[in-house]
Amino acid sequence: MELWGGVLRALLSGPGRRGGTLGRAFSSRRPRLPQAGWSATELVSQWAAVFEKRGVPEPRESSEYIVAHVLGAKTFQSLRPALRSKPLTPWQLRCIQELSSRRLQRMPVQYILGEWDFHGLSLKMAPPVFIPRPETEELVEWVLEEVAQNPCAVGAQGGPLILEVGCGSGAISLSLLSQLPQSRVIAVDKAGAAISLARENAQRLQLQDRIRIAPLDVTLEDSCAHLLSWGPVDLLVSNPPYVFRQDMEQLAPEIRSYEDPAALDGGEKGMDIILHLLALAPRLLKDSGSLFLEVDPRHPELVGSWLQSQPGLSLELVAVRRDFCGRPRFLHIRRSGPQGACPVDAWPVPQPAGAPG
């Protein structure tokens, strides 16, 4: 259709076009343009070429996710062969055009689709709430291993009481709840958008009865008093802002333009929130309770040195784990204390109807 021809010509001649040519992705001849009768497979290839020409990362993967989403599937590979070759409807073509235009503006695929899978859960995604990364699934796995191996990580009610600081979309908390049926979670974040999204995801997954989601800024003086009113916890888990201030400008446009910088910027050495968590941990954790952190690969050494300079905190860095790329990414810090029975849980009293949390 002529409309589609104009759309793609406009896309190819917009910012990022070099020298006024279509480039190798389309060869020197006039490209075929989406029109009635095009299949999903053909459209994936066409948009992948457009994305590649415009410098969009992972061009084919982006195109496949968008086309699959419009066709009602999670991935393009999961589509039946017959559906991949079936001509698309005008409505499907318009939807793919709209979503692909957003990708050309460097909006992350997760926001474009409005949902994303994390540790087997389908979570709603919306800007500017931080998008959970694949590495963070490894942090969840490590926590699950600790609970399975350490009896003291299991509270008096048969499962641990877990505190997540900086819950974002709720990915970590909800993943732990889904894998630990007897567990309970307190999830806090200072961003209102994150609190709303985490609550919606908890409702979608029907996990709202075992989680308290509350707005809280751990850098404020009274934050510890609020948290202690809900009882000491068995586990403290966080993927805090840890990007070094000097590295913020080097982040991809998808991150800089759409995700909340406060969920990323960790200060001059990426340690601002990490230090607050380390200072709070001795007061919030039960005896022998554990703190699990996702950090920058430069942080294990910095955190280890800082803990050695603060013996009064009674915190010990017991393990560092590498991510799937081989980078030291996760820390297990334990509060030293008696090795006897775990203290009795103090779960918050249910709030009245309509109250937050």
Side-chain angles (χ1 to χ4, degrees), residues 58 61-62 64-80 108-127 129-150 153-155 158-189 194-213 234-240 254 259 263 290 292-294 321-325 327 329-330 332:
E58 299 182 330
E61 291 85 347
S62 297
E64 287 182 346
Y65 273 121
I66 289 171
V67 173
H69 179 73
V70 172
L71 295 182
K74 288 281 188 182
T75 65
F76 191 74
Q77 289 70 28
S78 67
L79 289 170
R80 292 180 289 106
V109 170
Q110 293 89 338
Y111 291 155
I112 294 172
L113 304 185
E115 61 182 8
W116 200 248
D117 285 354
F118 180 89
H119 207 263
L121 303 180
S122 180
L123 301 173
K124 180 179 178 180
M125 293 288 137
V129 180
F130 182 75
I131 299 168
R133 271 53 172 183
E135 294 92 336
T136 307
E137 296 190 40
E138 297 180 83
L139 177 64
V140 171
E141 286 296 329
W142 201 10
V143 175
L144 292 174
E145 290 174 16
E146 170 68 13
V147 173
Q149 297 172 6
N150 183 2
V154 178
L161 176 58
I162 303 168
L163 168 64
E164 183 190 1
V165 174
C167 64
S169 64
I172 293 175
S173 290
L174 298 174
S175 296
L176 293 173
L177 282 175
S178 69
Q179 295 295 313
L180 301 170
Q182 303 302 315
S183 64
R184 291 153 298 127
V185 170
I186 302 164
V188 300
D189 200 297
I195 293 298
S196 297
L197 186 60
R199 286 175 176 163
E200 184 171 350
N201 279 324
Q203 292 280 348
R204 282 161 55 105
L205 297 168
Q206 299 184 340
L207 293 169
Q208 69 275 13
D209 292 341
R210 291 191 288 125
I211 185 170
R212 171 184 288 270
I213 303 170
D234 300 289
L235 301 171
L236 200 169
V237 185
S238 183
N239 176 15
E254 284 85 350
E259 294 190 80
S290 291
F292 288 89
L293 294 173
E294 179 175 330
R321 180 172 288 196
R322 297 180 180 272
D323 62 20
F324 53 74
C325 293
R327 298 166 296 196
R329 177 70 66 184
F330 312 108
H332 179 190

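Since we're looking at a predicted model, the values are computed, not measured.
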Enumerate, atom names and distances included, each donor-acceptor pair closer than 3.5 Å involving a side-chain atom of residues 65-74, sequence neighbours excluded.
{"unit_1": "Lys74", "atom_1": "NZ", "unit_2": "Asp117", "atom_2": "OD1", "d": "3.1"}
{"unit_1": "Lys74", "atom_1": "NZ", "unit_2": "Ser122", "atom_2": "OG", "d": "3.1"}

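Put simply, the side chain of Pro108 reaches to within 4.5 Å of the side chain of Ile131, judged on heavy atoms. Looking only at side-chain heavy atoms (C-beta outward), Leu180 and Pro160 come within less than 4.5 Å of each other.
The structure places CG of Leu161 at 8.0 Å from CG of Leu163, a figure rounded to the nearest 0.5 Å. Residue Arg184 holds its CZ atom at 14.5 Å from CG of Leu207, rounded to the nearest 0.5 Å. In this structure, Glu146 CD and Asp234 CG are separated by 10.5 Å, a value rounded to the nearest 0.5 Å. Rounding to the nearest 0.5 Å gives a distance of 7.5 Å between CD1 of Ile213 and OG of Ser173. Interatomic distance, Asn201 CG to Gln208 CD, rounded to the nearest 0.5 Å: 11.5 Å. Going from atom CG of Leu123 over to atom CZ of Phe118 covers 8.0 Å, rounded to the nearest 0.5 Å.
At a threshold of 4.0 Å, the pair Arg133-Glu259 counts as salt-bridged, since one of the basic side-chain nitrogens sits closer than that to a carboxylate oxygen. Ion pairing between a basic and an acidic side chain is recognised when a charged N comes within 4.0 Å of a carboxylate O; Glu135 and Arg322 show no such pairing.
Residue-environment remark: CD (Gln206) stays at or below the threshold of 12 foreign heavy atoms within 6.0 Å.
With 3.5 Å as the limit, one finds no donor-acceptor pair spanning the side chains of Glu115 and Gln110.
At distances below 3.5 Å, at least one donor-acceptor pair connects side-chain atoms of Asp189 with backbone N or O atoms of Cys167. Panel note: side chain Thr75, backbone Ser78; a donor-acceptor pair is recorded below 3.5 Å. One N or O on the side chain of Glu138 and one on the backbone of Phe324 form a donor-acceptor pair closer than 3.5 Å. No donor-acceptor distance shorter than 3.5 angstrom exists from the side chain of Asp323 to the backbone of Arg329, with no hydrogens or angles considered. At distances below 3.5 Å, not a single donor-acceptor pair connects side-chain atoms of Thr136 with backbone N or O atoms of Pro132. The backbone N or O of Ser178 sits nowhere less than 3.5 Å from a side-chain atom of Arg210 that would complete a donor-acceptor pair. Side chain of Ser169 to main chain of Ala198: no donor-acceptor pair is present (N/O by atom type, distance under 3.5 Å, no hydrogens or angles).
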Please evaluate residues Leu121 and Ser175 with respect to the criterion side chain to side chain contact (heavy atoms under 4.5 Å, CB included), reporting the C-alpha separation (whole Å), side-chain torsions for both, the decisive distance (0.1 Å), and the verdict. CA-CA 7 Å; Leu121 303 180; Ser175 296; 3.9 Å; yes

- Can Glu141 and His119 be said to form a side chain to side chain donor-acceptor pair (under 3.5 Å), step by step? CA-CA 9 Å; Glu141 286 296 329; His119 207 263; 2.5 Å; yes

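In terms of heavy-atom proximity, Ile211 sits nearest to Ala187 at CD1-CB, 4.1 Å. Shown here for Ser62 and Val109, the closest heavy-atom pair between the two residues is OG-CG2, 3.8 Å. Residues Ser183 and Ile162 approach most closely at CB-CD1, 4.4 Å, considering heavy atoms. In terms of heavy atoms, Leu235 sits closest to Val147 at CD1-CG2, 3.6 Å.
Aromatic ring orientation, Phe292 versus His332: parallel (interplanar angle below 30°, classes split at 30° and 60°).
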